[in-house]
Each structure stands twice: as C-alpha cells, then as structure tokens.
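Scope of the values below: all heavy atoms of this structure, side chains included, with no hydrogens, waters or symmetry mates. Sequential numbering from 1 along the given sequence is applied to the chain's residues.
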Amino acid sequence: MARSDSPVVLACGAWLKNAACLLDAQGQAHWSAVHGDLSDPAACAALEASARALLGRHGKRVHAVAHDLHPDFFSTRFAVELADALGVPAIGVQHHHAHIAAVVAEHGIEGPVIGLALDGVGLGHDGEAWGGELLLVDGADYQRLGHLHPLALPGGDRAAREPWRMAASALHALGRGAETVPRFAPAVGEAMAQGVQQMLERRLNSPLTSSTGRWFDAAAAALGLSVRQTDEAEAAIALEAAASRWLAQHAAPEPLADALVALLTDTLPDGQRRLDLRGLFARLLDVPAEGVEEAAAGFHLALADALAHWAAQAAREHGTRHVCLGGGCFFNRVLRERVINRLQTAGLAVHLPGAGGCGDAGLALGQAWVAARQIEADSPQNKTPHEKETQACA
C-alpha cells in the first residue's frame with residue numbers, strides 16, 4: 001500500500017545476488033540492477049555506483065541506510081560508511097525478517113503476518129546461522145516463533161559446498177555418526193570421512209545452523225544425488241528434479257495427518273517450536289537405487305506438510321490469516337506448491353514474493369521497509385505522552 005509520507009530509505013542488500021533498493025516517500029521501490037555475489041570486487045564496485053545513482057536520481061534527503069546484520073558483508077560496511085557520510089542512521093535488519101517484510105511491502109499487507117523464511121543462511125540476532133525460520137512479523141518488530149532442528153556445519157562454510165558433510169552431520173544428530181566412514185569413504189576418501197566424523201564428535205569447527213538449504217543438501221547426499229557441488233543449490237536442485245520425475249508419473253500421496261506432523265515438533269524452554277527433520281532424513285538412508293525418486297518426493301511432501309501445519313498453527317494462535325513465504329528454498333516448485341496448497345486448504349491467505357523473487361535479489365526492499373517502519377515508530381508523533389516526557393528527561 002502506497003504511503004504519502006513514508007521515510008525515504010536506501011537499502012544495500014545482502015551478500016548473494018546483491019541489489020540495492022530505494023524506498024521513496026510514496027512507498028515506491030526503485031531498484032538497481034542485480035550486481036551478483038559480493039565475493040566479486042566488480043559486484044562491490046557496482047553496488048557503490050548503483051547506490052550513489054539511486055541517491056542522485058531521487059535528489060532528496062534519505063532518512064536512513066539499511067543493511068544486513070552480518071558485520072563482514074561488504075554491503076554492511078558500505079552502508080555504514082555511506083550513512084555516516086550522509087549524516088543519517090545505518091539500520092541493521094535481520095536477514096529473514098527482511099525476506100518476509102519484502103513480501104509484506106509488495107502486497108501492502110497491514111498488521112501482523114506469519115512468515116516462513118527458508119534459505120541457505122542468514123545471520124540471526126543471536127549470532128548463529130539461521131535459515132529455517134517461523135516468524136511473526138509486525139512492521140519493525142519480529143518474533144522468532146520456531147526454527148528447524150539445527151545441524152552442525154563440519155568445516156564451517158565448506159559444508160555448504162560438500163553435501164556429504166551435511167549428511168554426516170544429520171547422521172551424527174541421529175546418533176548414527178559411526179556410519180559416516182563406511183557410507184562416504186568410497187566417495188571422499190577414508191581419511192576425509194574420518195576427519196569429519198571426529199570433527200562432529202568433538203564439536204570442532206562445526207557451528208550450528210537451522211538452514212533449510214543444508215537439510216536439502218543432507219537429503220540429496222543421503223540418496224546419492226550429490227556429494228560435492230560446484231554451483232549454488234546444485235544438490236537441492238538435483239533432489240527436486242528427482243522428486244519431480246516421480247510425481248510426474250504418480251499421484252501425490254495424501255497430506256500427513258496433523259497428529260503425525262505434530263510428532264515432528266517439540267517446544268523448547270524459551271517457548272519456540274522446533275521442527276525436527278531427523279526422522280524424515282532417516283527414511284532416506286539405505287534406499288535402493290530404484291526407490292530414490294520416490295524417496296525424494298516423499299521428503300519434499302512430508303516437509304511441506306509439516307511446514308504448512310507449523311505455520312497454520314501459528315497463524316491461529318496469533319490471530320492472523322496472512323502467511324508470507326520468503327527465502328531461496330521457495331524456488332523449489334514441489335515444496336512451494338505443496339505448502340501453498342496446504343495453507344490455502346486451511347483457509348489462510350498465502351503471499352509470495354513478486355518481481356524481486358524469493359531469494360536475496362529481492363531482500364533490499366524488506367530491509368528498506370523495516371527501517372522505514374522503525375523510523376516511523378521512533379518518531380515523536382508516534383510516542384505516548386509518557387514516552388515523550390521520558391525522552392525529554394533523558
């Protein structure tokens with residue numbers, strides 16, 4: 001929904017598929033081109049040029065520069081430097097909050113929404129790597145209602161390039177870590193497999209992540225579809241392709257019963273609900289070659305049913321009928337269509353990203369929108385008399 005007096009915010013995007021966005025006073029988004037990943041110096045230079053071009057074309061003062069929470073991203077450092085030069089605040093926005101906020105902004109949704117933010121990685125407010133998130137988003141505020149059961153990343157970022165490491169991590173999470181060497185030594189070498197097994201056992205260089213993308217990697221490796229990947233999401237794409245081949249020849253099975261889905265969810269001491277995929281992963285172990293495509297389809301559909309049940313329950317509890325889907329995992333058509341179908345069957349309004357896509361290329365709009373709502377919430381006219389008095393006395 002367009003606003004006539006919205007704060008003007010420039011957002012610098014994240015690391016992958018970087019793009020900048022300027023949100024003007026009418027709530028209209030003005031985009032740069034997609035620069036690519038900021039590991040490329042040319043992409044960094046393009047971001048700088050695009051940001052300055054957006055400011056020049058707009059020709060009016062911006063109220064803030066928004067950025068990702070990750071302090072090491074070039075986009076974050078540039079945003080902070082640019083904000084300082086402009087004399088305006090630099091506002092950090094959590095990665096998955098921004099994914100859902102981008103959908104809210106595009107569809108002009110008023111009030112709180114439930115968000116399913118599923119991707120490879122984004123820094124959480126607790127400093128850990130997130131990526132399988134159930135959120136309640138209401139303007140500048142968000143609450144993490146739940147997340148996927150975390151997996152360790154043996155070798156850190158290297159685990160994202162070698163799906164077999166994520167399968168080893170899932171085996172370890174099942175208490176079956178001793179199977180790592182016999183399963184994967186033929187493909188990666190005994191020394192490497194033993195090293196990863198010991199790394200997981202000793203918790204060495206194995207940070208935790210709730211990433212949906214890494215669970216897809218683990219599933220693809222367990223089914224023998226990908227051991228190492230050279231391109232982003234290669235393993236997940238192979239897993240989806242296998243599932244699609246089976247579904248093209250067979251009717252999709254009926255949704256999991258709510259009682260069965262509920263068994264996948266446990267409540268943590270802080271009240272968050274964790275969706276535990278270890279049981280789904282265990283089904284993929286020792287599948288014969290002729291059953292790989294069916295197993296891939298089963299993993300997708302069971303995961304989608306569980307996610308939809310998770311989100312629908314949260315929507316009921318928080319009094320909203322709006323569910324927003326964001327993050328690169330929703331490029332997966334099998335997952336996306338099943339989640340949408342199950343949520344709509346539950347009577348909920350499902351909203352998807354628009355032109356910017358569900359990945360990081362559309363993230364800057366969410367950053368700008370959240371920052372604008374934060375500025376509005378902090379403005380004097382929106383404060384209570386008590387808040388104004390307290391601020392004046394500070």
Side-chain angles (χ1 to χ4, degrees), residues 69 93-101 103-104 112-138 141-153 169-170 173 207-216 218-219 255-281 299-330 332 335-336 338-340 342-343 346 348 350-351 358 366:
L69 289 185
V93 179
Q94 199 279 324
H95 190 89
H96 301 96
H97 186 191
H99 268 309
I100 302 306
V103 182
V104 173
V113 305
I114 296 299
L116 277 175
L118 313 179
D119 63 5
V121 66
L123 186 67
H125 60 239
D126 58 0
E128 292 191 352
W130 293 7
E133 310 306 315
L134 179 69
L135 305 178
L136 174 66
V137 171
D138 191 0
D141 298 320
Y142 81 96
Q143 181 182 351
R144 191 188 196 196
L145 301 178
H147 56 83
L148 299 189
H149 189 288
L151 288 177
L153 292 164
S169 179
L208 294 176
T209 180
S210 58
S211 167
T212 311
R214 301 292 77 79
W215 273 105
F216 272 112
L256 291 178
D258 285 352
L260 180 59
V261 172
L263 294 176
L264 300 175
T265 308
D266 58 349
T267 302
L268 301 175
D270 60 4
Q272 292 183 24
R273 288 179 178 159
R274 180 174 58 191
L275 191 60
D276 191 345
L277 305 186
R278 289 177 295 179
L280 297 183
F281 175 82
F299 180 82
H300 275 82
L301 300 179
L303 173 58
D305 290 349
L307 290 167
H309 175 87
W310 205 30
Q313 185 177 40
R316 289 192 298 270
E317 291 175 354
H318 292 276
T320 179
R321 61 181 299 272
H322 296 286
V323 178
C324 297
L325 311 182
C329 290
F330 281 113
N332 184 315
L335 180 75
R336 182 180 67 249
R338 180 77 164 201
V339 169
I340 291 171
R342 299 310 306 145
L343 289 171
L348 297 166
V350 185
H351 307 278
C358 55

Are the side chain of Thr212 and the backbone of Gly131 linked by a donor-acceptor contact shorter than 3.5 Å?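 The answer is yes, because a donor-acceptor pair under 3.5 Å joins these two groups.
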With under 30° as parallel and over 60° as perpendicular, where do the rings of His125 and Tyr142 fit, or are they tilted in between?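 Ring orientation, 0 to 90° scale: tilted.
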Could you tell me which residues satisfy ring-ring contact (aromatic ring centres under 6.0 Å, His included) with His96, sequence neighbours excluded, listed by chain and number?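 Result, ring-ring contact (aromatic ring centres under 6.0 Å, His included) vs His96: none returned.
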How would you list, by chain and number, every residue that makes a salt bridge (Lys or Arg N to Asp or Glu O under 4.0 Å) with Asp126, sequence neighbours excluded?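 Once residues adjacent in sequence are excluded, the partners of Asp126 under the salt bridge (Lys or Arg N to Asp or Glu O under 4.0 Å) criterion are Arg144.
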List the residues meeting salt bridge (Lys or Arg N to Asp or Glu O under 4.0 Å) with Arg273, not counting sequence neighbours, and say none if there are none.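 Only Glu317 meet the salt bridge (Lys or Arg N to Asp or Glu O under 4.0 Å) criterion with Arg273.
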From Ser169 atom OG to Leu153 atom CG, the distance as rounded to the nearest 0.5 Å: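 Here the interatomic distance stands at 7.0 Å.
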Among [options], find the one that has a side-chain contact (heavy atoms from CB on, under 4.5 Å) with [X].
| X | options | value |
| --- | --- | --- |
| Val137 | Thr320, Val113, Ile114 | Val113 |
| Leu118 | Leu325, Leu134, Leu335 | Leu335 |
| His99 | Asp119, Leu116, Leu135 | Asp119 |

Looking at every non-hydrogen atom in both residues, tell me the closest pair between Arg338 and Ala304 and how far apart they are.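 Closest heavy-atom pair between Arg338 and Ala304: CG-CB, 3.3 Å.
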Under a 4.5 Å cut-off applied to non-hydrogen side-chain atoms, are Trp310 and Arg274 in contact?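 Side-chain contact under 4.5 Å: no.
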Positive for side-chain hydrogen bond (donor to acceptor under 3.5 Å, both in side chains) with Ser210, one of Glu133, Glu128, His147: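 Testing Ser210 for a side-chain hydrogen bond (donor to acceptor under 3.5 Å, both in side chains) against Glu133, Glu128, His147 leaves exactly one candidate, Glu133.
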